[in-house]
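What follows is one structure encoded as structure tokens, with my remarks underneath.
Labels below follow one simple rule: chain letters A, B, ... track the order of the sequence lines, proteins then strands, and each chain is numbered from 1.
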Number of protein chains: 2
Amino acid sequence: MTLKILLADDHKIVRDGLRTLLEKHDDIMVAGEAEDGREALQLSRKLQPDVVVMDIAMPDLNGIEATRQILSEYPGIKIVALSMHSDKRFVSEMLKAGASAYLLKDCAFEELITAIRTIMKGKIYLSPGIAGVVIENYIKRDSAGEASVFSLLSEREREVLQLMSEGKSTKEVAAHLHVSIKTIETHRTNIMTKLDIHSVAELTKYAIREGLTTL
Amino acid sequence: MTLKILLADDHKIVRDGLRTLLEKHDDIMVAGEAEDGREALQLSRKLQPDVVVMDIAMPDLNGIEATRQILSEYPGIKIVALSMHSDKRFVSEMLKAGASAYLLKDCAFEELITAIRTIMKGKIYLSPGIAGVVIENYIKRDSAGEASVFSLLSEREREVLQLMSEGKSTKEVAAHLHVSIKTIETHRTNIMTKLDIHSVAELTKYAIREGLTTL
DNA sequence: CACAAAATCAGGGTTCCCCCGATTGTTTCC
DNA sequence: GGAAACAATCGGGGGAACCCTGATTTTGTG
């Protein structure tokens, strides 16, 4: 039985590398590649992969949101999170979103194979080094109300914020999400009110700090 | 003869520490403190210090611009640059702006005293570790056209960009700089054209990358 | 000195942003 | 199970921002 895998990473060279490495294994097939979170969602619907290898930092829809949405539609799909950072916010949010594995990008490739094999048995796989973060977080148990973007903003609002901080205008965001400009304006107003931030510049900085977009 | 010093750093706790340490020396007097570049410029006019200890990353007007403007009015004032980064762009721009010393913030305090004494003799003082960057830069001699904000934008444009990326509206920037809104609009248009960036979000990211503002 | 670049400002038209309000559906909670 | 809170959707109107054209003054450079 062959494993169908979907690669989601915004850097083509990374996808190329992963695809080549993965396809050396006879029982693994890379069914498709997505260059942003939204495409990952669409291709998940179309291809019904067994596993999605998902970068966290991606334009349009980030890996965490994409994971959330894919799993809400297809709880059977396994997600392997790939990240450059061991930031505890990312780790815990990704796991909360339902990812089955969390790997750091500086790990050896063989670890990805190990992770995939592990999660296909229904277990969770974490990069060495990530485990510590998880334990730490478990102990603190979200005690210190971190009041981050994930608790303050709704899913839709985070989506809008990410698109805005990627440089899209209200109009473009509206077109992108297929809703009216007025809707996006309301979202933006709500976001700004909730965060008590009232300029695009500072909103962008906030989004960068929270990992919704990158420099 | 007592040395009159002006401290310019946006963190009060840093200024407090430096002031205390500096005033242990009988021949040194901290004449004033500025919390941003513009205040540094104003206090330089008012106090006519011998030395300005200048942080690079400051709101409103950054340390590099402030240095440039102070020295254009008072070439006799000595500037000691204090920075968290050994980024070669900052070093070379700060030296081009006319700073007499460049210190990293993780240096020992005694080094600041050494630097001040050195520059009062008319010499240049560089943090160990910075020297290498300078030499490197000297060898490359700005060869690879780095096309940074410093060559592309005018002084005034950088000022406007910094204020914008700090979250100020066009109106606020205009009021702050005592010019008409139309002037700022022109600057903004020119900045966006020169950089080929057409949203406040991406402009903010650019400003962060170039060190004009911080997260 | 001539020329270029930078900084300043204006008018006018278009678009966008912001403050009000409104509807519908979902979740939560007593 | 209805009240309450939240989420997502849209609209009007007024002020702000944006874009284009054009103009003056100062500054700097060959």
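- Listed by chain and number, the residues in a side chain to side chain donor-acceptor pair (under 3.5 Å) with A/Lys171 amount to none (sequence neighbours excluded).
- Taking the side chain to side chain donor-acceptor pair (under 3.5 Å) definition, one finds that A/Arg188 meets it with A/Thr170, sequence neighbours left out.
- A side chain to side chain contact (heavy atoms under 4.5 Å, CB included) with A/Asp50 is found for one member of A/Lys78, A/Lys4, A/Met29 and no other, namely A/Lys4.
- In this model, a donor atom of one side chain and an acceptor atom of the other lie less than 3.5 Å apart for B/Tyr102 and B/Ser83.
- Each of B/Ser169 and A/Ser180 lies near DNA chain D, and the nucleotide nearest A/Ser180 is the one positioned closer to the 5' end.
- Proximity note for B/Val200 (side chain, C-beta onward) versus D/dC18, D/dC10, D/dA8: the nearest is D/dC18.
- A heavy-atom distance below 4.0 Å to DNA chain D is reached by these residues of residues 181-193 of chain A, ordered by number: A/Lys182, A/Thr183, A/Thr186, A/His187.
- In this structure, the side chain to side chain donor-acceptor pair (under 3.5 Å) partners of B/Lys205, at least two apart in sequence or on a different chain, are A/Thr213.
- Under the salt bridge (Lys or Arg N to Asp or Glu O under 4.0 Å) criterion, A/Asp60 pairs with A/Arg38, not counting sequence neighbours.
- Judged as a salt bridge (Lys or Arg N to Asp or Glu O under 4.0 Å), and not counting sequence neighbours, A/Glu166 has no contacts.
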What's the verdict on side chain to side chain contact (heavy atoms under 4.5 Å, CB included) for A/Leu7 and A/Leu22, showing C-alpha distance, side-chain angles and the deciding distance?
CA-CA 10 Å; A/Leu7 292 179; A/Leu22 285 170; 3.8 Å; yes
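- A distance-only check finds no donor-acceptor pair linking the side chain of A/Glu202 to the backbone of B/Ser165 [under 3.5 Å].
- In terms of the salt bridge (Lys or Arg N to Asp or Glu O under 4.0 Å) criterion, residue partners of B/Glu157 (sequence neighbours excluded) are, by chain and number, B/Lys194.
- Judged by distance alone, with hydrogens and angles left aside, the side-chain atoms of B/Glu65 form no donor-acceptor pair with the main-chain N or O of B/Leu61 at under 3.5 Å.
- Atom pair A/Leu153:CG and D/dA7:P shows a separation of 9 Å (rounding to whole Å applied).
- Applying the salt bridge (Lys or Arg N to Asp or Glu O under 4.0 Å) rule to B/Glu172 yields no partners; only residues at least two apart in sequence or on another chain are considered.
- First and last contacts of DNA chain C with chain A, using any nucleotide atom under 4.0 Å from a protein heavy atom and ordered 5' to 3', fall at C/dC16 to C/dC18.
- Looking at residues two or more places apart in sequence or on another chain, you find a side chain to side chain donor-acceptor pair (under 3.5 Å) between B/Gln69 and B/Glu155.
- The end-to-end axis angle of the helix from C/dC1-D/dG30 to C/dC30-D/dG1, rounded to 10 degrees and based on five pairs per end, is 50°.
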Interface polar pairs with nucleotides 24-27 of chain D, N/O, under 3.5 angstrom:
none

